[in-house]
Q: 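This is the structure, below, for whatever I ask next.
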2 protein chains.
Amino acid sequence: MNSKYISLYGDIIAKIEEGTFPVNAKLPSESSFMSEYGISRDTVRKALNLLEQNGYIHKIKGKGSFVLDINKFNFPVAGLISFKEMAEKLNLHSKTIIHTLELESPGSNMMKHLDLTNDKEIWKVFRIRQINGKKIILDKDYFNSELVPKLTKEICEDSIYRYIEGELGLQIGFSNKEITVEPCSEEDEQLLDMEDYDMVAVVRSTVHLMDGSLFQYSESRHRPDKFKFTDFARRTW
Amino acid sequence: MNSKYISLYGDIIAKIEEGTFPVNAKLPSESSFMSEYGISRDTVRKALNLLEQNGYIHKIKGKGSFVLDINKFNFPVAGLISFKEMAEKLNLHSKTIIHTLELESPGSNMMKHLDLTNDKEIWKVFRIRQINGKKIILDKDYFNSELVPKLTKEICEDSIYRYIEGELGLQIGFSNKEITVEPCSEEDEQLLDMEDYDMVAVVRSTVHLMDGSLFQYSESRHRPDKFKFTDFARRTW
DNA sequence: GAGTGGTCTAGACCACGTT
DNA sequence: ACGTGGTCTAGACCACTCA
């Protein structure tokens, strides 16, 4: 199923995580991987480049590839990952409350965010994320109903992404995120446990499938003290 | 000087920006670029992959490569870019006020962030960024003095990065950022025009050179209404 | 000089989308 | 059937680091 370089990529991550390749250690050279896996150099290089892009290693010409301390930088919320995936990785005691789940009739003002003409319908899903008993995050998601024809309460409580990728077989491709800090709305105050905070961190994003079609617009509103976003960036020219 | 694929990468960006390759248009195929530039397919693919990584295009197997609407998503503050570079691109009327510029003696509590032993010195630079007459951002930077031996007021008012990359010839490699929202400190209130806001958006980052050495730790504190962070992410496996 | 990663080539086969 | 991008190979030369 998977390509050779993805397998190697996965193997190396596993070995980094289990400590076979500890932090700051030098990874085996490209030629070692070639002979160990019986693959060509280019294939090894593809795997190593992926690792580098995602912040697992860095490579130094003439010296080798070295394991970076990825834990130092907490958790890569930066990538494309759902609340469910994150909660599982971090072992959070979390709960999702479905607040709204409806097919919004044509003409809603969300149409423009999904680049849809006005005769189309949109799934509107509002979910409240509870962590350690406190309502911390309000997720407002809008889906193109032509791509996601059916949504149920069960799907929304589990993971919409798992459903979309698993059941529907759609391939998530890329997203754009924008993070701002805004005064909290009446809605935020009603639905979240805001305590004394009067602002929220807002992550707005559009998510596209591999073929480029826009299928989701979402707004994720976080109580500020519980919000953290981490990002790994490389200088590219 | 530059490699072939970087040249092609730059050429294509230029053509996207000037409109020769408009948004949503199909880019010429890989084989067109091969014959046009007289280079091999792999070299073309390297350029296209870079464009894809950086959100300029997306590729669809069997169809082609298409120009994404990069402007839709504002400005890629996500990458590694300095305030000066950003202000220039956005044509902001900005000003930098140097608040602190000193060589901090050994034993400061910033040592740990720079992974330095206690006998080393650190450059400490506090700058206030003013936009349209308002003090909006407080940048607190700490540099490893072994890598950046000398800093002057002039350098800090212009661009430290320009100095480091241009004069010192160091190569910025990668960084980790972490964004949080925090109550504003006394210092924030004194140095910034906070108006009625009582929180700040804080971007903490470590910046490494190409060889992996850690040379900067910084904390950038923004008035919340003027803060925006954008990010382009791909789902990688 | 030996070992390492960086660039580049030429050619192969595959999977996908369109016609 | 044809054109597209995705994967993979084998081999070449270069630049850099280190003993």
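Chain identifiers are assigned alphabetically (A, B, ...) following the order of the sequence lines, protein sequences preceding nucleic acid strands; residue numbering begins at 1 within each chain.
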Q: My understanding is that only residues two or more places apart in sequence, or in another chain, count here; which of them pass side chain to side chain donor-acceptor pair (under 3.5 Å) with A/Thr43?
A: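 If we apply the side chain to side chain donor-acceptor pair (under 3.5 Å) test to A/Thr43, skipping adjacent residues, the hits are A/Ser40.
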
Q: Please list, chain by chain and in numerical order, all residues satisfying side-chain contact (heavy atoms from CB on, under 4.5 Å) with A/Pro22, sequence neighbours excluded.
A: A/Ala25

Q: Excluding sequence neighbours, so at least two apart, what forms salt bridge (Lys or Arg N to Asp or Glu O under 4.0 Å) with A/Arg45?
A: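 For A/Arg45 the salt bridge (Lys or Arg N to Asp or Glu O under 4.0 Å) partners, ignoring immediate neighbours, are A/Glu30.
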
Q: Could you list the residues that satisfy salt bridge (Lys or Arg N to Asp or Glu O under 4.0 Å) with B/Arg127, not counting sequence neighbours?
A: B/Asp141

Q: Going by the rule side-chain contact (heavy atoms from CB on, under 4.5 Å), which residues pair with B/Val67 if we only count those two or more places apart in sequence or in a different chain?
A: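 Scan of B/Val67 (side-chain contact (heavy atoms from CB on, under 4.5 Å), adjacent residues dropped) gives B/Ile16, B/Phe21, B/Leu27.
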
Q: Measure all distances between protein nitrogen or oxygen atoms and nitrogen or oxygen atoms of nucleotides 17-19 of chain D, and list the pairs falling under 3.5 Å.
A:
residue: D/dC18; atom: OP1; partner: A/Lys63; partner atom: NZ; Å: 3.1

Q: Which residues satisfy the side-chain contact (heavy atoms from CB on, under 4.5 Å) test with A/Glu18, sequence neighbours excluded?
A: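 A/Lys15, A/Thr20.
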
Q: Who pairs with A/Lys124 by side chain to side chain donor-acceptor pair (under 3.5 Å), at least two apart in sequence or on another chain?
A: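 Partners of A/Lys124 by the side chain to side chain donor-acceptor pair (under 3.5 Å) criterion, ordered by chain and then number, come out as A/Glu104.
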
Q: Measure CG/B/Leu27 against P/D/dG5 and give the value in whole Å, please.
A: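 Atom-to-atom, B/Leu27 to D/dG5, this comes out as 9 Å.
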
Q: With a 3.5 Å cut-off and no angle check, do the side chains of A/Ser205 and A/Ser175 form a donor-acceptor pair?
A: no

Q: Going 5' to 3' on DNA chain C, which nucleotide is the first and which the last to come under 4.0 Å of a heavy atom in chain A?
A: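 So the contact region on DNA chain C extends C/dG3 to C/dT7.
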
Q: Please list, chain by chain and in numerical order, all residues satisfying salt bridge (Lys or Arg N to Asp or Glu O under 4.0 Å) with A/Lys140, sequence neighbours excluded.
A: A/Glu187

Q: Please identify each residue that fulfils side-chain contact (heavy atoms from CB on, under 4.5 Å) with B/Ser7, with sequence neighbours left out.
A: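 In terms of side-chain contact (heavy atoms from CB on, under 4.5 Å), with neighbours along the sequence ignored, B/Ser7 is linked to B/Asn2.
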
Q: Which residues in residues 38-48 of chain A have at least one heavy atom lying under 4.0 Å from any atom of DNA chain D?
A: A/Gly38, A/Ile39, A/Ser40, A/Arg41, A/Asp42, A/Thr43, A/Lys46

